[in-house]
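Notes to accompany the following structure.
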Protein chains: 2
Amino acid sequence: MAKRESNVDRVYEALRRMAADFAFKPDQRINESALSEVLGASRTPLREALNRLVAEGFLTFQNNRGFFCRPLTPSYIMDLYEARVAVECEATRLACTRASDEDIAALADYLNRMEPEYQSATDPEALLAMDESFHARLAQLSGNSELQRILNNLNGRIRYIRLIDLKRMRDRAGGKAPGDISAHRQIVEGIAARNAEAATAAMRSHIEKRREEATEAVRIAFSQLYVPDE
Amino acid sequence: MAKRESNVDRVYEALRRMAADFAFKPDQRINESALSEVLGASRTPLREALNRLVAEGFLTFQNNRGFFCRPLTPSYIMDLYEARVAVECEATRLACTRASDEDIAALADYLNRMEPEYQSATDPEALLAMDESFHARLAQLSGNSELQRILNNLNGRIRYIRLIDLKRMRDRAGGKAPGDISAHRQIVEGIAARNAEAATAAMRSHIEKRREEATEAVRIAFSQLYVPDE
DNA sequence: GAATTCTAAACTGAATACAATTTTGACAAG
DNA sequence: CTTGTCAAAATTGTATTCAGTTTAGAATTC
């Protein structure tokens, strides 16, 4: 029986999830021995996975002091959102000239099929998964795998904040999550019309609007990570 | 006596340089034992460094088969250039609204001081270093460290092709390298005027022009990497 | 009581050893 | 000549071990 997935892969996936969810608190030092026991692997594969995550920006590393969780500051989150604008606007622009009519129609169709679920969803996790899925699909239309790769990385590091943000909005709106699908639709319409200026402008304002909210979300996330801790 | 730089760091730096220069041929399998002897370290730190480079896109990895050099194809290089457009145009845009007059003046000054050297240089390596330095400084003006980080990564993976490209242009022009500093100046002028549209347009056309040349350079690089091999 | 020094414990860094898997090449069958 | 099979060799995967460094806390001094 062939073993398909290596230990390092398994450990890496687990760690990425933990890091994305801030299972490690910002700037917290990571104890390799303890973690290797939890994950059921020795320190060798664990460190290999940790090194990947350092290169991806999920963790940091200091010589002879080991691995640390990435910090969580407003400016750090700001940087990630701005990088998303860069990547996604260019992906949108490329999609305008490069995506086939069929692929654009498929994305519009995806949006339509998702709309009922999106409007009625109250679970922030589900909502975020749908939103990320839309943006990832759009990036696919660019045909550029680097942009897709970078976006995936940025989203992983932003995800926790977005989740906090969505929860905040849900609580404000009384259990109702914000089904803001209109912005997505506007972007797709711009692409369908092959109107790069309109499409990128829509994308830019969409992400920047989210970014505004994120600053407040960072403050909340900060308090959630440091204060309560059951 | 305290040891400042770890073995992993040293190995990582060496490997990054080797990978950037295609010291490993595209898609070539990397033999860990042999490489660890060359680098004077055991396989443990070597593999940690290799994992970082996989996460950065310099190498790939297959389960139970080990590490491989990244492939070299026209579409791959195209993707990298397009990602550069995304990152650098947004960095330019941010610089327009965010950089201080002093910092912009300092970049313009840097351009002026470099010009004589840039115009007279015949060594592609030196020329490329100056060009990369300009783009890195400009990215700094954005104040966004993610954009800087991504750009640094993209440039590392593109560098080899750009070098081939510059050599080709030098040989065509009879030992004279192309001192195309005017495009850089145009970009800085746009930023100084706080004219985001003009500045990003200049940046876009600057990179896209380079991208056009790159396709041909890939063909040459391909032949250099596969055919001669002393 | 605050600051400092020192020592033991904890932790990280890296080599080694061995298990698991893949690759290679010889040999046989079609 | 091509294809398939199999065992040996090479290579990767990971646990273990020990050396080197950092950290924490007790003891000491002012």
Side-chain angles (χ1 to χ4, degrees), chain A residues 1-19 23-71 226 229, chain B residues 1-19 23-71 226 229:
Chain A
M1 171 99 69
K3 187 164 67 168
R4 282 271 156 260
E5 196 187 42
S6 83
N7 222 344
V8 178
D9 284 344
R10 186 177 57 76
V11 168
Y12 168 80
E13 292 298 338
L15 285 175
R16 192 185 198 273
R17 221 169 301 127
M18 290 171 77
F24 314 111
K25 308 257 175 283
D27 286 315
Q28 178 195 341
R29 184 175 180 169
I30 292 168
N31 185 318
E32 296 173 16
S33 313
L35 191 55
S36 74
E37 261 192 39
V38 170
L39 296 174
S42 77
R43 280 177 57 220
T44 309
L46 170 62
R47 282 179 62 107
E48 292 189 10
L50 288 169
N51 270 286
R52 283 197 213 174
L53 290 161
V54 168
E56 291 173 356
F58 284 95
L59 304 174
T60 64
F61 175 77
Q62 288 177 47
N63 246 327
N64 289 318
R65 305 215 327 115
F67 298 87
F68 297 79
C69 184
R70 69 192 183 287
Y226 283 112
D229 214 15
Chain B
M1 174 98 71
K3 188 164 63 170
R4 282 271 155 263
E5 196 186 44
S6 81
N7 223 344
V8 179
D9 284 344
R10 186 177 57 76
V11 168
Y12 168 79
E13 292 298 338
L15 285 176
R16 192 185 198 272
R17 221 168 303 126
M18 291 171 76
F24 314 111
K25 307 258 174 283
D27 288 315
Q28 178 196 340
R29 183 177 181 166
I30 292 169
N31 185 317
E32 296 172 16
S33 312
L35 191 55
S36 75
E37 262 191 39
V38 171
L39 296 175
S42 75
R43 282 176 55 220
T44 309
L46 170 63
R47 282 179 61 107
E48 291 188 11
L50 288 169
N51 271 286
R52 283 197 215 174
L53 290 161
V54 168
E56 290 173 356
F58 284 94
L59 304 175
T60 63
F61 175 78
Q62 288 177 48
N63 246 326
N64 289 318
R65 307 218 323 118
F67 297 88
F68 297 78
C69 184
R70 68 193 182 288
Y226 282 111
D229 216 16

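Proteins come first, then strands; the chains are lettered A, B, ... in the order of their sequence lines, and each starts at number 1.
Counting heavy atoms from C-beta on, the side chains of B/L35 and B/M18 come closer than 4.5 Å. Taking 4.5 Å as the limit, every side-chain heavy atom of B/L15 sits out of range of all side-chain heavy atoms of B/R52.
B/I30 comes within 4.0 angstrom of sugar-phosphate atoms only, judged by non-hydrogen atoms across all strands, and of no base. A/F67 comes within 4.0 angstrom of nothing in the nucleic acid, heavy atoms only. Residue contacts for B/L46: at a heavy-atom cut-off of 4.0 Å it reaches no nucleic acid atom on any strand shown.
Remark: the backbone N or O of B/A49 is not paired with any side-chain donor or acceptor of B/R16 at under 3.5 angstrom.
What separates CD of A/E32 from P of D/dT22 is a distance of 15 Å, to the nearest Å. C/dA14 atom C1' lies 13 Å from atom CG of A/N63, rounded to whole Å. As rounded to whole Å, 17 Å separates atom P of D/dT21 from atom CD of A/Q62. B/F68 places its CZ atom 12 Å from the P atom of C/dT22, with the value rounded to the nearest Å. Rounded to whole Å, atom P of D/dT14 lies 11 Å from atom CG of B/N51. Rounded to whole angstrom, the span from the CG atom of A/N31 across to the C1' atom of D/dA24 amounts to 14 Å. In this structure, B/R43 places its CZ atom 11 Å from C1' of D/dA10, rounding to the nearest Å. If you measure from atom CG of A/L39 to atom P of D/dT14, you get 13 Å, rounded to the nearest angstrom.
Evaluation of atom-type donor-acceptor distances gives a pair under 3.5 Å for the side chain of A/T44 against the base of D/dA15.
For A/N64, whose side chain is taken as the heavy atoms from C-beta onward, the closest listed nucleotide among C/dC11, C/dT16, D/dT21 is D/dT21. For A/E48, the listed nucleotide lying nearest its side chain is D/dT14; candidates were D/dT12, D/dT14, C/dA15.
Open room surrounds CD on A/E37; 12 or fewer heavy atoms of other groups in view lie less than 6.0 Å from it.
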